[in-house]
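Side chains are part of it too, since the values below use all heavy atoms of this structure and drop only hydrogens, waters and symmetry mates.
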Amino acid sequence: MYFPMIELTLVLLASSNLAMSVRKEIRAPQTLSRGWGDDISWVQTYEEGLYNAKKRNKPLMVIHHLEDCQYCQALKKVFAESDEAQTLAQEQFIMLNLMHETTDKNLSPDGQYVPRIMFIDPTLTVRADITGRYSNRRYTYEPQDLPLLIENMNKAIHLLQTEL
């Protein structure tokens, strides 16, 4: 006995399974690090970062960036590859990276540009005295500025120990 309907059903099932398996892409799992350092413990929100900075008596480092920004991607690459920056971030800071603006205008004192890195001390004060090297965008860093960024990370730690 021949059942053409059963054969057609099997062909359709087989082809739909094949189509589903072809459409699946292999993607790296998205983490809070967004490529800035998978071994760093990242907070999810600015509010959580402020809470943890105060509670744990550590400075909060906020990295503002965008995925489609070539300058952000270049800075992210050198930051993620720097053992010194990664160790400081892991051990001495509450870390947050944002791909959107916060409602706190203190985090954009000279404009909303990316990349922008700000430091907030445990008293919840935005440290306007810890800046990059550009006068028109005081909180931006380029890949070649990594030594200055590491110096500023150390400055944030030092200020915590001497001022607070």
Side-chain angles (χ1 to χ4, degrees), residues 25-164:
E25 295 177 25
I26 298 174
R27 290 185 189 174
Q30 181 71 3
T31 67
L32 290 176
S33 79
R34 296 182 182 98
W36 288 88
D38 289 336
D39 293 331
I40 297 170
S41 178
W42 297 89
V43 294
Q44 292 185 37
T45 65
Y46 181 56
E47 292 73 19
E48 180 186 359
L50 293 174
Y51 173 80
N52 279 296
K54 188 170 188 165
K55 181 180 177 188
R56 296 174 56 199
N57 199 38
K58 288 184 173 185
L60 169 64
M61 181 172 161
V62 182
I63 303 170
H64 295 269
H65 65 102
L66 295 172
E67 279 301 315
D68 59 353
C69 167
Q70 66 180 351
Y71 306 105
C72 299
Q73 294 301 320
L75 181 61
K76 178 193 307 188
K77 183 178 186 318
V78 297
F79 185 86
E81 292 174 353
S82 167
D83 291 338
E84 186 175 5
Q86 293 293 300
T87 300
L88 282 170
Q90 289 169 24
E91 297 175 2
Q92 301 294 327
F93 287 88
I94 306 300
M95 296 294 295
L96 171 65
N97 70 68
L98 294 174
M99 294 183 0
H100 57 82
E101 289 298 331
T102 69
T103 56
D104 188 339
K105 298 300 177 201
N106 293 314
L107 289 180
S108 54
D110 62 342
Q112 295 182 343
Y113 53 85
V114 292
R116 185 171 78 248
I117 299 177
M118 309 282 302
F119 295 92
I120 297 95
D121 69 30
T123 68
L124 309 185
T125 302
V126 175
R127 297 307 304 228
D129 55 340
I130 303 177
T131 62
R133 65 183 178 103
Y134 305 98
S135 60
N136 62 335
R137 294 186 176 203
R138 296 178 42 211
Y139 305 99
T140 198
Y141 297 84
E142 293 183 357
Q144 65 270 20
D145 300 329
L146 185 66
L148 175 59
L149 177 56
I150 291 170
E151 180 182 318
N152 282 343
M153 292 172 80
N154 283 310
K155 182 178 181 181
I157 296 163
H158 178 73
L159 290 173
L160 175 66
Q161 296 166 348
T162 59
E163 287 188 8
L164 305 179

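- Taking both residues in full, the closest heavy atoms of Pro109 and Tyr139 are given as CG-CE1, 3.4 Å, listed atom of the first, atom of the second, then distance.
- The existence of a salt bridge linking Arg127 and Asp121 is confirmed by a sub-4.0 Å separation between a basic side-chain nitrogen and an acidic carboxylate oxygen.
- In this structure, the separation between CH2 on Trp42 and CG on Leu96 is 8.0 Å, given to the nearest 0.5 Å.
- Under the 3.5 Å distance criterion, the side-chain polar atoms of Ser108 are left unmatched by any main-chain donor or acceptor of Gly111.
- Contact annotation: the side chain of Arg34 approaches that of Glu67 to within less than 4.5 Å [non-hydrogen atoms, C-beta and beyond].
- When side chains are defined from C-beta on, Lys58 does not count as touching Ile157, because their heavy atoms never get closer than 4.5 Å.
- With rounding to the nearest 0.5 angstrom, the CZ atom of Arg137 is 15.0 Å from the OG1 atom of Thr131.
- To the nearest 0.5 Å, atom CD of residue Gln73 and atom CG of residue Leu66 are 9.5 Å apart.
- Here the side chains of Met95 and Val43 are not in contact, with every heavy-atom distance at 4.5 Å or above.
- The distance from atom NZ of Lys55 to atom CG of Leu50, rounded to the nearest 0.5 Å, is 14.5 Å.
- With contacts defined as side-chain heavy-atom distances shorter than 4.5 Å, the pair Trp36/Ile63 qualifies.
- Side-chain contact between Pro122 and Leu160 is present, with heavy atoms from C-beta onward closer than 4.5 Å.
- Every pair passing side-chain hydrogen bond (donor to acceptor under 3.5 Å, both in side chains) that includes a residue from residues 81-93 is listed here, sequence neighbours excluded: Lys77-Glu81.
- Across Leu32 and Gln44, no two heavy atoms sit closer than the pair CD1-CG, 3.5 Å.
- Looking at Leu60 and Val62, their side chains come closer than 4.5 Å, going by heavy atoms from C-beta outward.
- A donor-acceptor pair is defined here as one N or O able to donate and one able to accept, closer than 3.5 Å; no such pair exists between the side chain of Asn106 and the backbone of Val126.
- Between Arg133 and Asp145, at least one side-chain nitrogen of the basic residue sits less than 4.0 Å from a carboxylate oxygen of the acidic one, meeting the salt-bridge criterion.
- Between the side chain of Thr140 and the backbone N or O of Pro115, at least one donor-acceptor pair lies under 3.5 Å.
- One distance of note links OG1 of Thr125 with CG of Leu159; it measures 11.5 Å at 0.5 Å rounding.
- Inter-residue side-chain proximity for Phe93 and Met153 is flagged as met; some heavy-atom pair is nearer than 4.5 Å.
- In this structure, CG in Leu88 is found 7.0 Å from CD1 in Ile150, a value given to the nearest 0.5 Å.
- Looking only at side-chain heavy atoms (C-beta outward), Ile117 and Asn152 stay at 4.5 Å or farther from each other.
- Enclosure of atom NZ in Lys54 is not indicated, since only 12 or fewer non-hydrogen atoms of other residues, nucleotides or ligands lie within 6.0 angstrom.
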Discussion item. Could you walk me through whether Tyr141 and Leu146 satisfy the side-chain contact (heavy atoms from CB on, under 4.5 Å) test, starting with their C-alpha distance in whole Å, then the side-chain angles of each, then the deciding distance to 0.1 Å, before giving a yes or no?
Written reply: CA-CA 7 Å; Tyr141 297 84; Leu146 185 66; over 6 Å; no

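- Cation-pi geometry between Arg116 and Tyr113 is met: under 6.0 angstrom from the ring centre, within 45 degrees of the axis.
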